Amino acid sequence: MSLDFYRRQVIQIRKSIANLQGNKSTTMAKVSEANKKAHNAEAAAAKTASLSTAASKTREAERFHNDAARLLKAVANLEKKLGDEQKKLIDAENKLVQEEGRERKRHAEKEKQEEKKRLEAEKRQAREQEKRMSTINASLIRHDHLHAETASRLEKLRRLPEKIVVAFFASDPGSTSETRLLLDEEARSIQQNIRLSEHRDAVQLESRWAVRPRDILQALNELKPTVVHFSGHGSDQDELVLQDDHGNLKFVSKDAIVQTISVVSDSVKLAFFNTCFSYNQAMACVQHIHAAIGMNTSIGDEAAKVFAAQFYSAIGFGLSIPVAFKQAKAALMLEGIPEESTPELYLREGVEEDELTLVRPSGT
């Protein structure tokens, strides 16, 4: 091969390298723009109070992350081509040097030194190229992880029911007109606040009155509720006070209550004990379900009504159980009812925040 042939070959390879580097720069700029758009969409999803908007922005962020990942793969392909061209350049320049050495023996030593410098520089470039490839591969892995997280969040949103059922069990045995609990007022306030909430059609309140022990399993099998709500009396022996067939008091043990909740844990996510001295019952239930609410002492009629009504209002607005619980306590304080420290919220260990949101608007 002639000296001119090797010179043309080197020039052609260098042009190819320059073109590849230009393409790489353009593609990296697109990666940066896609990441910026994904970040903006994630920020918008984090700020919005609307679940539908959050889901839309999350999908938008996922799409931009996918675009970035695809572009990064294109960059990786360009980097590989650059590496191949660098190897070709080294080979062509070696041959060029050999050919020039034969023709210009007087300058052989000088050419050797210059080539040595070039080779060292190209080796450095090759090493830098390997580092860049390693960085790109790490970035691809990170994008895959982000994609999986986004897909997981969207799947959890899709798994939320479009309608939840709240089974409201009320019992006030042995009461008189002077001593009776205002359970009907509590149920009415809950229903009214649900109707005023944003996603009113997603929450269905089903009431059962003068509840006997055997009524509970029957209703749970019929309704398959997401929330089980007990309203009435509780004893300081961790018992739930229901009634027998003659309207007399019927004490149900904590173990019986927990066993009942455990056999319907596939549908039930929350047990709400709006009864006195029920915190131990609630604490035991979270072995089987996501969350439970109980009272650490006795609770007054008005406090029970206000707390429950605001809690279900927040649930109807698509808020999570912990947020709804905090709002219900705030409602007691706003009404000047000094019992905000009575309700206790218990969560099952390891339950994720996404699993504590019960309502998903229809169509999201």
Side-chain angles (χ1 to χ4, degrees), residues 1-45 57-151:
M1 298 292 181
S2 67
L3 183 62
D4 287 339
F5 171 81
Y6 289 118
R7 285 174 176 167
R8 287 194 301 271
Q9 187 179 50
V10 168
I11 291 170
Q12 183 178 1
I13 293 171
R14 286 177 175 169
K15 286 181 179 179
S16 177
I17 289 172
N19 289 335
L20 289 170
Q21 288 173 335
N23 291 339
K24 189 188 93 172
S25 297
T26 300
T27 307
M28 285 302 295
K30 293 179 180 179
V31 170
S32 177
E33 181 63 20
N35 282 330
K36 180 179 178 182
K37 291 180 178 178
H39 174 74
N40 290 340
E42 288 172 341
K57 288 297 181 181
T58 301
R59 288 191 293 269
E60 183 178 335
E62 180 186 15
R63 185 171 70 254
F64 287 128
H65 279 307
N66 288 339
D67 289 344
R70 176 178 55 77
L71 290 167
L72 278 172
K73 289 179 182 178
V75 172
N77 186 48
L78 289 170
E79 291 283 7
K80 183 178 182 302
K81 290 181 180 179
L82 276 168
D84 292 341
E85 290 300 303
Q86 291 284 0
K87 291 177 183 178
K88 290 180 183 179
L89 181 60
I90 291 172
D91 182 64
E93 287 186 337
N94 281 335
K95 291 178 181 178
L96 177 62
V97 169
Q98 292 172 5
E99 190 66 20
E100 287 177 338
R102 284 191 289 270
E103 290 193 7
R104 298 188 298 168
K105 291 183 180 180
R106 290 177 303 165
H107 305 287
E109 187 61 29
K110 181 179 178 181
E111 288 294 327
K112 187 185 294 183
Q113 292 300 323
E114 290 178 355
E115 180 57 21
K116 183 179 179 180
K117 291 179 181 179
R118 285 196 296 270
L119 289 174
E120 288 176 352
E122 287 163 2
K123 286 177 181 179
R124 284 195 300 272
Q125 283 186 321
R127 288 193 295 269
E128 290 172 358
Q129 176 69 22
E130 289 179 2
K131 289 180 181 178
R132 287 194 295 270
M133 284 295 296
S134 177
T135 300
I136 289 172
N137 287 334
S139 182
L140 286 171
I141 292 171
R142 186 169 62 255
H143 276 283
D144 288 342
H145 179 67
L146 289 172
H147 172 78
E149 285 185 345
T150 301

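All heavy atoms count here, side chains included; hydrogens, waters and symmetry mates do not. Small disclaimer: the values here were computed from a predicted structure and weren't measured.
- For the pair Leu89 and Val10, the tightest heavy-atom approach, listed with the atom from each and the gap, is CD1-CG1, 3.8 Å.
- Looking at Arg63 and Asp67, no side-chain N of the basic residue comes within less than 4.0 Å of a carboxylate O on the acidic one, giving no salt bridge.
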Practice task
Go through Lys88 and Asp84 one step at a time and tell me if the salt bridge (Lys or Arg N to Asp or Glu O under 4.0 Å) criterion holds.
Solution key: CA-CA 6 Å; Lys88 290 180 183 179; Asp84 292 341; over 6 Å; no

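- Summarising the geometry of Thr27 relative to Leu71, their closest heavy-atom pair is CG2-O, 3.5 Å, with the distance given to 0.1 Å.
- Remark: the backbone N or O of Ile90 is paired with a side-chain donor or acceptor of Asn94 at under 3.5 angstrom.
- In this structure, NZ on Lys15 lies 13.5 Å from CD on Glu85, to the nearest 0.5 angstrom.
- The line from CD of Gln9 to CZ of Arg14 is 11.5 Å long, rounded to the nearest 0.5 Å.
- A salt bridge does not link Glu62 with Arg59: every distance from a Lys NZ or Arg NE/NH1/NH2 to an Asp or Glu carboxylate oxygen is 4.0 Å or more.
- The shortest distance between side-chain heavy atoms of Gln12 and Arg8 does not fall below 4.5 Å.
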side-chain contact (heavy atoms from CB on, under 4.5 Å), that's the test. Do Glu122 and Gln125 meet it? Break it down for me. CA-CA 5 Å; Glu122 287 163 2; Gln125 283 186 321; 4.2 Å; yes

Check the pair Asp91 / Lys95 against salt bridge (Lys or Arg N to Asp or Glu O under 4.0 Å), numbers first and verdict last. CA-CA 6 Å; Asp91 182 64; Lys95 291 178 181 178; 3.4 Å; yes

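- Checking side-chain atoms of Ser25 against main-chain N and O of Gln21 turns up a donor-acceptor pair under 3.5 Å.
- Looking only at distances, no side-chain donor or acceptor of Ser32 sits under 3.5 Å from a matching main-chain atom of Met28.
- Distance check: Glu120 CD to Arg118 CZ gives 11.5 Å after rounding to the nearest 0.5 Å.
- Residues Arg142 and Ser139 are in side-chain contact: their nearest non-hydrogen atoms beyond the backbone lie under 4.5 Å apart.
- Classification of Arg7 and Glu100 as a salt-bridged pair holds, one side-chain N sitting under 4.0 Å from a carboxylate O.
- Between the side chain of Gln129 and the backbone N or O of Glu79 there is at least one donor-acceptor pair closer than 3.5 Å.
- What you find for Ile136 and Leu72 is that their closest heavy atoms are CG2-O, 3.9 Å.
- Taken from CG in Asn23 to NZ in Lys81, the straight-line distance is 8.5 Å, to the nearest 0.5 Å.
- Contact check for Lys30 versus Glu33: no side-chain heavy atoms found under the 4.5 Å cut-off.
- Listed here is the closest heavy atom pair of Leu140 and Ala69: CD2-O, 3.6 Å.
- The closest side-chain heavy-atom distance from Arg124 to Arg127 is below 4.5 Å.
- Counting non-hydrogen atoms of neighbouring residues, nucleotides and ligands closer than 6.0 angstrom, the CE atom of Met133 exceeds 12 such neighbours.
- For Glu42 against Ala61, the heavy-atom pair with the smallest separation is CG-CB, 3.5 Å.
- With rounding to the nearest 0.5 angstrom, the CD atom of Glu115 is 8.0 Å from the CG atom of Leu96.
- Remark: Glu60 engages Lys57 in a salt bridge, criterion side-chain N to carboxylate O under 4.0 Å.
- Residue-environment remark: CD (Glu114) exceeds the threshold of 12 foreign heavy atoms within 6.0 Å.
- In this structure, NZ in Lys80 is found 11.5 Å from CG in Leu20, a value given to the nearest 0.5 Å.
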